[in-house]
Colleague: 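Submitted below is the structure of interest, expressed as C-alpha cells.
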Amino acid sequence: MSKQHLGHTARKRFGQNFLHDNYVIDQIVTAIGPQKDQHMVEIGPGLGALTEPVCELVDALTVIELDRDLAARLRTHPFIASKLTIVEADALKYDFSQLLSDDKPLRIFGNLPYNISTPLMFHLFSFANKVQDMHFMLQKEVVNRLAASPGNKSYGRLSVMAQYHCQIIPVLQVPPGAFNPPPKVDSAVVRLVPHQKKPVTLINEDTLHTVCAQAFNQRRKTIRNSLKESVSEKQLIDLDINPELRAENLSLEQYAKIANAVDSLT
C-alpha cells in the first residue's frame, strides 16, 4: 500500500465521516456513560471526536485504528496520548478477546465506517460473552435493520442474529450535518447489550446463521422453497411452521426451531 500524504482529509476507502457537532458528541458520550474503572474500547477513533470527551471521564482507553496517519496523530496527542493504548489493526479481523486482561467485560463504542458496519457487527457478536455493551453510530437504515421485528421490510438476517446475541436499543438520531463530509444518509446511535442468557437455546449457532442466510438470500420465495436444502415441507409442518411463509415472517424462535431440527437430523 503506498503511503498517502493527504493530511487528514476523510478517505473514501476507509469510509471516513468525521463527527464535529459538539451537541451531538455530548449526547453520544452521555448515552455511553463511561466510568473510570471500566474497560472502554473505541473502534475507529478518527480525529478523536468521541475519544477526547471519553478520555476526560476515564483514566485509560483502548483505541483500534486502521489508518496509520490517524494512529500517529493520536500517539502524539497533547492531552490524551498518555491515557491511550493504540492498537493499529483492522477491527474486522481483530481478536477482541486479546483485550481482556482482567475480569472486566469490554465496553465497545465507535462511529463505524458505513462500508464495514454489517460485517463488523457479525464479527463482534462472536465476542458477545466478553462484552458488557456496545454503542455504535451507524446508518439509520442499519439501526432499523438491527431493531426490526418480523413482518417489517427492514427485518433480515442481521435482525435475527443481532437479536439472538443482544438486546437492541436505538438511542438517538443524528443528521448528516453533524459530520464532515456530510454523508448522504441519516445516522443513528444504537446500544447493543449482549444477553446474559440467550433468548433461544440452540444446538449449534452456525446452523442458525446458515438457515437465516438461505432464507433471506431468497426472501421473495416461500420458506418451502428457500429452505428446501435444509428441511422438508413435512418437517416445517411438524414444527408448526407454515411452509407458505416468507423469510421476513419468521421469528427468532421459529428460526431456532428450524436450526435445531436441522442439527437433530445430522
Side-chain angles (χ1 to χ4, degrees), residues 17 19 21-46 48-58 61-64 91-92 94 96-97 99-100 104-114 116-150 152 154-176 178-179 183 185-200 252:
N17 293 85
L19 257 178
D21 183 314
N22 287 332
Y23 174 68
V24 170
I25 290 166
D26 194 45
Q27 283 186 298
I28 296 168
V29 174
T30 302
I32 296 168
Q35 307 291 319
K36 270 201 168 24
D37 57 344
Q38 294 172 332
H39 198 149
M40 306 296 301
V41 179
E42 182 178 13
I43 296 174
L50 294 174
T51 321
E52 291 172 12
V54 168
C55 277
E56 283 176 25
L57 302 171
V58 298
L61 171 64
T62 301
V63 296
I64 297 174
L92 275 173
Y94 186 68
F96 284 82
S97 61
L99 297 177
L100 292 163
K104 291 179 203 156
L106 305 178
R107 298 197 67 210
I108 301 175
F109 67 98
N111 168 21
L112 299 187
Y114 292 157
I116 65 158
S117 59
T118 303
L120 184 58
M121 295 279 140
F122 280 108
H123 179 56
L124 288 166
F125 293 152
S126 61
F127 303 100
N129 61 339
K130 301 173 175 67
V131 172
Q132 179 179 325
D133 59 16
M134 302 185 270
H135 289 82
F136 293 127
M137 168 90 75
L138 298 161
Q139 268 174 285
K140 188 172 151 210
E141 176 245 333
V142 177
V143 173
N144 291 346
R145 280 166 50 203
L146 285 165
S149 19
N152 182 305
S154 299
Y155 184 73
R157 185 172 70 115
L158 181 63
S159 323
V160 178
M161 296 309 302
Q163 292 167 33
Y164 167 69
H165 287 289
C166 302
Q167 183 189 3
I168 316 287
I169 306 149
V171 178
L172 87 141
Q173 299 200 23
V174 182
F179 299 93
V185 292
D186 283 335
S187 304
V189 176
V190 67
R191 178 181 296 130
L192 305 165
V193 183
H195 297 299
Q196 293 296 311
K197 181 179 185 299
K198 296 280 197 271
V200 292
L252 167 59

Colleague: Holding to side-chain contact (heavy atoms from CB on, under 4.5 Å), I want the full list of residues that pass it with P175, two or more places apart in sequence or in another chain.
Modeller: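 Residues passing side-chain contact (heavy atoms from CB on, under 4.5 Å) with P175: none at all.
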
Colleague: If you measure from CD1 on I116 to NE2 on H123, what distance do you get to the nearest 0.5 Å?
Modeller: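 With rounding to 0.5 Å, CD1 (I116) is 10.0 Å from NE2 (H123).
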
Colleague: To the nearest 0.5 Å, tell me how far L120 CG sits from F125 CZ.
Modeller: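 Between atom CG of L120 and atom CZ of F125 there are 9.5 Å.
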
Colleague: Which pair of non-hydrogen atoms, one from P45 and one from I64, has the smallest distance, and what is that distance?
Modeller: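 So the minimum-distance heavy-atom pair works out to CD-O, 3.3 Å.
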
Colleague: Rounded at 0.5 Å granularity, tell me how far OG1 in T62 sits from CE in M40.
Modeller: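 The distance works out to 10.0 Å.
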
Colleague: Check each of I32, L138, V174, N111 against V189 using the side-chain contact (heavy atoms from CB on, under 4.5 Å) test, and report the only one that passes.
Modeller: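 One option only clears the test, and that one is V174.
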
Colleague: Give the minimum heavy-atom separation between P183 and P176, together with the two atoms involved.
Modeller: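 In terms of heavy atoms, the two residues are closest at O-CB, 3.3 Å.
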
Colleague: With sequence neighbours left out, what residues match Q35 under side-chain contact (heavy atoms from CB on, under 4.5 Å)?
Modeller: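 So Q35 forms a side-chain contact (heavy atoms from CB on, under 4.5 Å) with D37, Q38.
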
Colleague: Indicate the atoms forming the closest heavy-atom contact of Q167 with H195, along with that distance.
Modeller: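 The pair with the smallest heavy-atom distance is N-CE1, 3.5 Å.
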
Colleague: Name all residues meeting the side chain to side chain donor-acceptor pair (under 3.5 Å) criterion together with H135; count only those two or more places apart in sequence or in a different chain, and write none if there are none.
Modeller: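 Expected list: R191.
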
Colleague: Might you point out which heavy atoms bring P194 and V131 nearest each other, and give the distance in Å?
Modeller: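 What the structure gives for the nearest pair is CG-O, 3.4 Å.
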
Colleague: Roughly how far, to the nearest 0.5 Å, is the CG atom of N129 from the CD atom of Q196?
Modeller: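 Interatomic distance, Q196 CD to N129 CG, rounded to 0.5 Å: 10.0 Å.
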
Colleague: Could you list the residues that satisfy ring pair (Phe, Tyr, Trp, His ring centres under 6.0 Å) with Y94, not counting sequence neighbours?
Modeller: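 Testing Y94 for ring pair (Phe, Tyr, Trp, His ring centres under 6.0 Å), a comparison that skips the adjacent residues, returns F96.
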
Colleague: Could you name each residue pair satisfying salt bridge (Lys or Arg N to Asp or Glu O under 4.0 Å) that touches residues 122-142, not counting sequence neighbours?
Modeller: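 Checked against salt bridge (Lys or Arg N to Asp or Glu O under 4.0 Å) - neighbours excluded - the pairs reaching residues 122-142 are R107-D133, E141-R145.
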
Colleague: State, to 0.1 Å, how close M137 and S187 come at their nearest heavy-atom pair, and which atoms those are.
Modeller: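 Scanning both residues, the minimum pair turns out to be SD-CB, 3.8 Å.
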
Colleague: Indicate the atoms forming the closest heavy-atom contact of Y164 with P199, along with that distance.
Modeller: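 In this case the closest contact between Y164 and P199 is O-CD, 3.3 Å.
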
Colleague: Is there a donor-acceptor pair closer than 3.5 Å between any side-chain N or O of Q163 and the backbone N or O of L146?
Modeller: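 The answer is yes, because a donor-acceptor pair under 3.5 Å joins these two groups.
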
Colleague: Hey, what do you get for CD1 (I108) to CG (L192), rounding to the nearest 0.5 Å?
Modeller: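 Going from CD1 on I108 over to CG on L192, the span is 10.0 Å.
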
Colleague: E52: which residues meet the side chain to side chain donor-acceptor pair (under 3.5 Å) condition with it, sequence neighbours left out?
Modeller: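 Side chain to side chain donor-acceptor pair (under 3.5 Å) check on E52 returns H77.
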
Colleague: Tell me every residue that passes side-chain contact (heavy atoms from CB on, under 4.5 Å) with D21, counting only those two or more places apart in sequence or in another chain.
Modeller: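 By the side-chain contact (heavy atoms from CB on, under 4.5 Å) rule, D21 matches Y23, V24, A178.
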
Colleague: Output all residues satisfying side-chain contact (heavy atoms from CB on, under 4.5 Å) with P170, sequence neighbours left out; order by chain, then residue number.
Modeller: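 side-chain contact (heavy atoms from CB on, under 4.5 Å) list for P170, sorted by chain: V143, A147.
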
Colleague: With sequence neighbours excluded, tell me which residues meet side chain to side chain donor-acceptor pair (under 3.5 Å) with S159.
Modeller: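 Here no residue qualifies.
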
Colleague: With side-chain contact (heavy atoms from CB on, under 4.5 Å) as the test, pick out the partner of I43 among L124, V63, L92.
Modeller: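 Result for side-chain contact (heavy atoms from CB on, under 4.5 Å) with I43: L124.
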
Colleague: Just do the side-chain contact (heavy atoms from CB on, under 4.5 Å) check on N144 and N152 with the steps written out, would you?
Modeller: CA-CA 10 Å; N144 291 346; N152 182 305; over 6 Å; no

Colleague: The criterion is side chain to side chain donor-acceptor pair (under 3.5 Å); which residues satisfy it with S126, sequence neighbours excluded?
Modeller: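 By the side chain to side chain donor-acceptor pair (under 3.5 Å) rule, S126 matches no residue at all.
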
Colleague: Report the distance from atom CG of L106 to atom OG of S97, rounding to the nearest 0.5 Å.
Modeller: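 Going from the CG atom of L106 to the OG atom of S97 covers 9.0 Å.
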
Colleague: How about R157 and F122: do any of their side-chain heavy atoms sit closer than 4.5 Å?
Modeller: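 Touching, per the 4.5 Å side-chain cut-off.
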
Colleague: Is any side-chain heavy atom of F109 closer than 4.5 Å to one of I28?
Modeller: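 Side chain of I28 against side chain of F109, heavy atoms only: no contact under 4.5 Å found.
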
Colleague: So, applying side-chain contact (heavy atoms from CB on, under 4.5 Å) with V190, which one of V171, L172, I168 is it?
Modeller: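 Only match with V190 under side-chain contact (heavy atoms from CB on, under 4.5 Å): I168.
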
